[in-house]
Participant: 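Here it is: the structure, laid out below.
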Amino acid sequence: MNHSISRRNFLKTFVIGGVSVYVAAPFSAAFAALFEDNILQAPQWDPLTNRVQHRTDALAKVTGEKVFSFDIRAKDMPHWPQKQAHAMLLRVTEADKIYQGFDLSILEDGLMPDRIVTADDLEKDGITFPQFFGDEMLLPVGKTPQYLGQAVALLIYHDFVRFRFAKNALKFRKDIIKWGEYTGYLERNPWGTYRGVRIGDDNPFNPDTYSSLKNIPISPASFKKHLPVWPEGREGGKLDEEGMYYADQIAKKLENPPEDWLVLDRMFYSQSIDTCAMEPNNSNGWYDAENETLHLVMAAQSPFEVMNSLLEMINRSQFKMKKLFLHPCFTVGYGSKDHAPEPIYGAMASLYGNGLPVRLANDRYEQFQSALKRHAFDMHFKMAVNKKTHKIEAFSGKFIGNGGGRCNFTPGVMAVGATGVQGVYYIPQSDLEAVGIASRAVDAGSARGYGTLQAMPAMDTLMDEAAKLLNIDPVEFRLNNLMKSGMKNTQGAIPGGMMRGEEVLTACAKQTIWKDREKRKAEYEKANPGKIFATGISCVQKDYGTGQEASFARIELSRDGNLRLWHSGIEIGTGMSTSQSVLLAKYLGKPADQSAYGITEWPLLPLYMTISPETITQEEQDQLEKDPLWTPFLSSPSSASNSAYFFSHVTSESARVLFDYGIWPAAISIWSEGIGGGQAAPLTVRKEDARWTANGLTADGLEPLSLERITKRIYEQNGLTAVVGHGFNRWQWADADFAIDPQTTPTRYALDGLSLRWGNQEEYKVASRVSVNYPKTRRNNAGVTYYTAVATSVEIAIDRATGLIDLLDHHTVVECGNMIVPQLVSGQIEGGVAMGIGHALHEYLPLYEDGPGNGTWNFNRYRLPLASDVAVWKQTHEVLPPLSETDPPKGMAEVPMIPVVSAITNAIAAGTGHYFNKHPILPEDILEVL
């Protein structure tokens, strides 16, 4: 077989552990690149407004092109066998008995699978889950299932018709799985814990007495009955003992508060939900045993993670693999495909396809039964407010999250939910304890919000109730407790930049929904007897990023002035394939003409990592960073709202290098032509004054130059024509000095790796990293620093007779720096708010036997909000202007969904007099309190 490799189709080749890995841009390896198949269009750029007209993937999506891996069959893949096999996983629906195998005798008339794969096959062939996913890829006979929906066998069919009939025959049958003796449910220690204590100074700007960042987060001393036993508190003891001493002091004071303290002691519950991804989890893989090659088309938020997981799994198995072809496709479903196990199952299925490509794709029942869920949270809050100053004095939060049957991201979700609970408020003393339990529920993972959708609305509802008890205006009370710039969060870190919570809350309160609420209430209730009109408001801020963000970007300027962009990030519906292209316009005059995403390996900039960025010590980092090709982390998944800021930073900084050493020197040489130094000589020309206009590049009154004219000069001068950049962020950016031009001193960029191509040269050369400054590893102590603030007001009508809630209108105010593509921001706000409405009023999954793990759940049972539920034609939003043109874009994809939950809860309280402490709030709940 001839697998051609060329720059034209953006195919990357490299070797890991003896395996040649070919990583394609979506739909490109061994056949035309994405944009060449008209999947990605060149951006329609308006240089007058500096805006793009539509998403680069818009036309393909609305005309039904094959954008997603769910649509790809063997016949769509050049060089693959044209016959497509199909597979399904057989799953258990109970988890309290010994599994004794299965009975497929109902599959009559030739419907038996062509291949059945069980745990015995995997053991014989040495196939196991990569470490991240735990054990028991398929449940062995003789064991109790770890969770509902655990896979026990893979059934492969060599034709679709038999597959379809067999799948229908097996669906909803409870007599397929054979059971032995009753054992009860498995009991295991928690997947993860977090405890952070902070004791701030009376002056919030002074150093803390104790905090996670200054000292340490606290780890359990042991576990008893599968719950953490925390260290004994001791004043002046070890750091964890000292932290527990302060935790004890907070608890005692909340239990026996001073007379001037109001202490609210409340329990809250946030439900499990499905992320309802438009594209269900799927893959299509072909193992070519003759050539020892594995091909996999997949939907994943992290192609890099899938690549490493497959190498880990197959290299220790009996299967021979010399080549791995990965085809990471664009996808959707924020969080549902972040470290989801389906691509790994898909690769496993392909190994047993008997030479045929095997498609493993969830239908909706299977998606509910197996896809990652949002963690259910039980929360116990105690908050003290000074009755005189109306300021928060102390806060204690205990969180129990249900992580389900596999660990996945439960440790991180619990830590982020706990640390993020403060939202937009300053808390001088806090004790936050979180436990992510293992259970028989379906796995929970990186759902949109990552724990903060559960925690922040509960906190803001508590703030609203406190204002009511203190008989103070709820907006005034919130404004009095906002975190200001320079103050510290509950981990003891100072957030980056200006805290703009006051601006978004004030702007939201000035809008008519909140400002005219009394008048609107009187008018509505007069016109609608039997209805209660009520208004609620809420304000939160959420961090974005993970503390280990990294990405690559490659930019090439061709001789004819075309710009090409390659990026390690993958499109998951947020529009990053459009925004990253648009970012080039700031430094290079226009968006990328062609672009490719999901690139996993970067041989032109051969950086490497050795230790997990989560566990590396400062001593290890100090030693490793001496190697100019070492980096703490190579590539992030598309998650945590990271494309707008983190991915964009690397793209923009790489474009800046190309401007500094390619565009600007060439432009200066043109402007300086002629006697006496040309048109530039009479003027004071500064690089920082350079601006791209509709007519080209100008600065300080100089003639505008087109990109084509500048490009011609760059190539004549053998200037810089291509850049590969890599950046790393641990709640602050790494930066380095690079020896780019031997005739000048090293130049510092907020990158930790650079590779450059000059003129017409084919080869790239890694720029010498003279020195590097990596953020201290102490930043790993949950010292989040990047925040986006959002406020939302809602107005509702409650039917006294039925308890039904009609969401009449809502308004959202967001601050997110300089928007790259305003239409994408608008879409994220509208979609996020709709998700929050669903969480507040509609969506719910039982955790256990009557929940999705039993395989009977679909949208006929699961209530998603409809257009009529979200005030689709009346809703409004506004985005605050940036502080200046230099503000970076902020991550905001997750946060718009959060404040609408508490705004609705607060509105219901305003109408009924009762603050609900669980979601969703249903009509029968309303009737109980009316």
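None of these values were measured; they are calculated from a predicted model.
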Participant: Which pairs would a plain distance check flag for residues 382-392, meaning a side-chain donor or acceptor within less than 3.5 Å of a matching protein atom at least two apart in sequence or in another chain?
Facilitator:
| from | atom 1 | to | atom 2 | distance (Å) |
| --- | --- | --- | --- | --- |
| K382 | NZ | E255 | OE1 | 3.1 |
| N386 | OD1 | K388 | N | 2.8 |
| N386 | OD1 | T389 | N | 3.1 |
| N386 | ND2 | E393 | OE2 | 2.9 |
| K387 | NZ | E259 | O | 3.2 |
| T389 | OG1 | K391 | N | 3.3 |
| H390 | NE2 | K387 | O | 3.2 |
| K391 | NZ | N480 | O | 2.7 |

Participant: Please examine the side chains of F133 and Q131, heavy atoms only from C-beta on, and report whether any two atoms are closer than 4.5 Å.
Facilitator: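 They are not in side-chain contact.
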Participant: Testing the 3.5 Å rule here: is there a donor-acceptor pair between the side chains of R863 and Y844?
Facilitator: no
Participant: State, to 0.1 Å, how close G333 and A277 come at their nearest heavy-atom pair, and which atoms those are.
Facilitator: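 Result for this residue pair: CA-CB, 3.6 Å.
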Participant: For Q271 and H839, which I'm curious about, is there any donor-acceptor pair between the side chains at under 3.5 Å?
Facilitator: yes
Participant: Any non-hydrogen side-chain atom of Y787 less than 4.5 Å from a side-chain atom of V895?
Facilitator: no
Participant: For D464 and I537, work out which heavy atoms get closest and say how close.
Facilitator: OD1-O, 4.3 Å
Participant: Classify the angle between the aromatic ring planes of F646 and Y786 as parallel (below 30°), tilted (30 to 60°) or perpendicular (above 60°).
Facilitator: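 Plane angle over 60°, so perpendicular.
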Participant: At their closest point, which heavy atom of G891 faces which heavy atom of T788, and how far apart are they?
Facilitator: O-OG1, 2.7 Å
Participant: Can you list everything that forms a side-chain contact (heavy atoms from CB on, under 4.5 Å) with D201? Sequence neighbours excluded, please.
Facilitator: N203, N206
Participant: Is the number of heavy atoms from other residues, nucleotides or ligands within 6.0 Å of CD (E849) greater than 12?
Facilitator: yes
Participant: Quick one, L470 and K468 - any side-chain contact, counting heavy atoms below 4.5 Å?
Facilitator: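 The answer is no; the side chains never approach within 4.5 Å.
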Participant: Taking only residues at least two apart or on different chains, which pairs with a member in residues 405-444 satisfy ring pair (Phe, Tyr, Trp, His ring centres under 6.0 Å)?
Facilitator: F132-F409, H339-F409
Participant: R198: which residues meet the salt bridge (Lys or Arg N to Asp or Glu O under 4.0 Å) condition with it, sequence neighbours left out?
Facilitator: D208
Participant: Is it true that the side chains of Q422 and T490 contain a donor and an acceptor less than 3.5 Å apart?
Facilitator: yes
Participant: Give every residue pair that meets the salt bridge (Lys or Arg N to Asp or Glu O under 4.0 Å) criterion with at least one member in residues 238-254, sequence neighbours excluded.
Facilitator: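 Matches after skipping sequence neighbours: R234-E241.
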Participant: Using atom types as modelled and distance alone, determine if a side-chain donor or acceptor of D925 lies under 3.5 Å from a backbone N or O of I921.
Facilitator: no
Participant: Who are the side-chain contact (heavy atoms from CB on, under 4.5 Å) partners of P923, not counting sequence neighbours?
Facilitator: L804
Participant: Do we see a donor-acceptor contact under 3.5 Å between the side chains of N402 and S439?
Facilitator: yes
Participant: What verdict does the side chain to side chain contact (heavy atoms under 4.5 Å, CB included) test give for R448 and M897, after you've listed the backbone C-alpha separation in whole Å, the side-chain angles of each residue and the deciding distance to 0.1 Å?
Facilitator: CA-CA 9 Å; R448 189 178 187 181; M897 69 188 302; 3.5 Å; yes
Participant: Tell me which one of T461, D460, T792 satisfies side-chain hydrogen bond (donor to acceptor under 3.5 Å, both in side chains) with S538.
Facilitator: D460
Participant: Decide whether D135 and Q146 meet the rule of one side-chain donor and one side-chain acceptor closer than 3.5 Å.
Facilitator: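 Present: a donor and an acceptor within the cut-off.
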Participant: Kindly compute the distance separating OG (S222) from CG (L227), expressed to the nearest 0.5 Å.
Facilitator: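 S222 atom OG to L227 atom CG measures 11.0 Å (nearest 0.5 Å).
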Participant: Working to the nearest 0.5 Å, report the span between CD1 of I472 and CZ of R478.
Facilitator: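 Spacing of CD1 (I472) from CZ (R478) equals 11.0 Å.
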Participant: For F399 and F377, take the angle between the two ring planes, folded into 0 to 90°, and tell me which bin it lands in: parallel under 30, tilted 30 to 60, perpendicular over 60.
Facilitator: perpendicular
Participant: Pair Y862, E843 - check side-chain hydrogen bond (donor to acceptor under 3.5 Å, both in side chains), show working.
Facilitator: CA-CA 7 Å; Y862 189 81; E843 297 180 60; 2.6 Å; yes
Participant: Check the side chains of T183 and T144 for a donor-acceptor pair under 3.5 angstrom, ignoring hydrogens and angles.
Facilitator: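 Yes, side-chain donor-acceptor contact under 3.5 Å.
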Participant: Tell me, do M483 and Q541 make a side-chain contact under 4.5 Å, heavy atoms counted?
Facilitator: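 Yes. Closest side-chain heavy atoms under 4.5 Å.
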Participant: Taking W191 for its side chain and G404 for its backbone only, find out whether a donor-acceptor pair lies under 3.5 Å.
Facilitator: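 At least one qualifying donor-acceptor pair exists.
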Participant: Under 3.5 Å, is there a donor-acceptor pair between the side chain of N481 and the main chain of F477?
Facilitator: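 Checking the backbone N and O of F477 against the side chain of N481, a donor-acceptor pair under 3.5 Å is found.
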Participant: How about V197 and I218: do any of their side-chain heavy atoms sit closer than 4.5 Å?
Facilitator: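 Answer yes - side chains close enough.
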Participant: Any chance you could measure L254, atom CG, to S396, atom OG, to the nearest 0.5 Å?
Facilitator: 6.0 Å
Participant: For R195, what residues pass the salt bridge (Lys or Arg N to Asp or Glu O under 4.0 Å) criterion, not counting sequence neighbours?
Facilitator: D431, E433
Participant: Can you check whether S212's main-chain N or O pairs, donor with acceptor, with N215's side chain at less than 3.5 Å?
Facilitator: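 Pair absent, no side-chain N/O of N215 close to backbone of S212.
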Participant: Give me each pair satisfying ring pair (Phe, Tyr, Trp, His ring centres under 6.0 Å) with a member in residues 232-266, each pair once, sequence neighbours excluded.
Facilitator: Y210-Y246
Participant: To the nearest 0.5 Å, what is the distance between CD1 on I898 and CE on M835?
Facilitator: 11.0 Å
Participant: Evaluate the side chain to side chain contact (heavy atoms under 4.5 Å, CB included) criterion for residues S219 and W230: first the C-alpha distance (whole Å), next the side-chain angles of each, then the deciding distance (0.1 Å), finally the verdict.
Facilitator: CA-CA 7 Å; S219 299; W230 302 103; 5.6 Å; no
Participant: Kindly indicate whether the side chain of L841, heavy atoms from C-beta on, has any atom under 4.5 Å from the side chain of P920.
Facilitator: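 Side chain of L841 against side chain of P920, heavy atoms only: no contact under 4.5 Å found.
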Participant: Determine whether I798 and I796 make a side-chain contact, defined as any pair of heavy atoms from C-beta on separated by less than 4.5 Å.
Facilitator: yes
Participant: Who passes salt bridge (Lys or Arg N to Asp or Glu O under 4.0 Å) against D274, sequence neighbours left out?
Facilitator: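 Scan of D274 (salt bridge (Lys or Arg N to Asp or Glu O under 4.0 Å), adjacent residues dropped) gives K373.
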Participant: Is the number of heavy atoms from other residues, nucleotides or ligands within 6.0 Å of NZ (K918) greater than 12?
Facilitator: yes
Participant: Is the Lys NZ or Arg CZ of R440 less than 6.0 Å from the centre of Y147's six-membered ring, within 45° of the axis?
Facilitator: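 That pair does not qualify as a cation-pi contact.
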Participant: Could you verify whether a donor N or O on one side chain and an acceptor N or O on the other, from H375 and S270, lie under 3.5 Å apart?
Facilitator: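 H375 vs S270: no donor-acceptor pair found between side chains.
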Participant: Could you check whether atom CD of E924 has more than 12 heavy atoms from other residues, nucleotides or ligands sitting under 6.0 Å from it?
Facilitator: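 Yes, because the 6.0 Å sphere around CD of E924 holds more than 12 heavy atoms from other groups.
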Participant: Which residues pass the side-chain contact (heavy atoms from CB on, under 4.5 Å) test with T546, not counting sequence neighbours?
Facilitator: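 Residues passing side-chain contact (heavy atoms from CB on, under 4.5 Å) with T546: Q548, E549, A640.
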Participant: Who are the side chain to side chain donor-acceptor pair (under 3.5 Å) partners of N189, not counting sequence neighbours?
Facilitator: H226
Participant: Test side chain to side chain contact (heavy atoms under 4.5 Å, CB included) on W731 and D543 and set out the steps.
Facilitator: CA-CA 10 Å; W731 302 119; D543 67 281; 3.9 Å; yes
Participant: Is any side-chain heavy atom of R374 closer than 4.5 Å to one of T275?
Facilitator: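 Side-chain contact under 4.5 Å: no.
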Participant: Let's go through Y544 and V784 carefully: what are the C-alpha distance in whole Å and the side-chain angles of both, what is the deciding distance for side chain to side chain contact (heavy atoms under 4.5 Å, CB included) to 0.1 Å, and is it a yes or a no?
Facilitator: CA-CA 8 Å; Y544 53 94; V784 299; over 6 Å; no
Participant: Residues two or more places apart in sequence or in another chain: which of them pass salt bridge (Lys or Arg N to Asp or Glu O under 4.0 Å) with K214?
Facilitator: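 With sequence neighbours excluded, K214 shows a salt bridge (Lys or Arg N to Asp or Glu O under 4.0 Å) to no residue whatsoever.
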Participant: Which heavy atom of C539 sits nearest to which heavy atom of V424, and what is that distance?
Facilitator: O-CG1, 3.7 Å
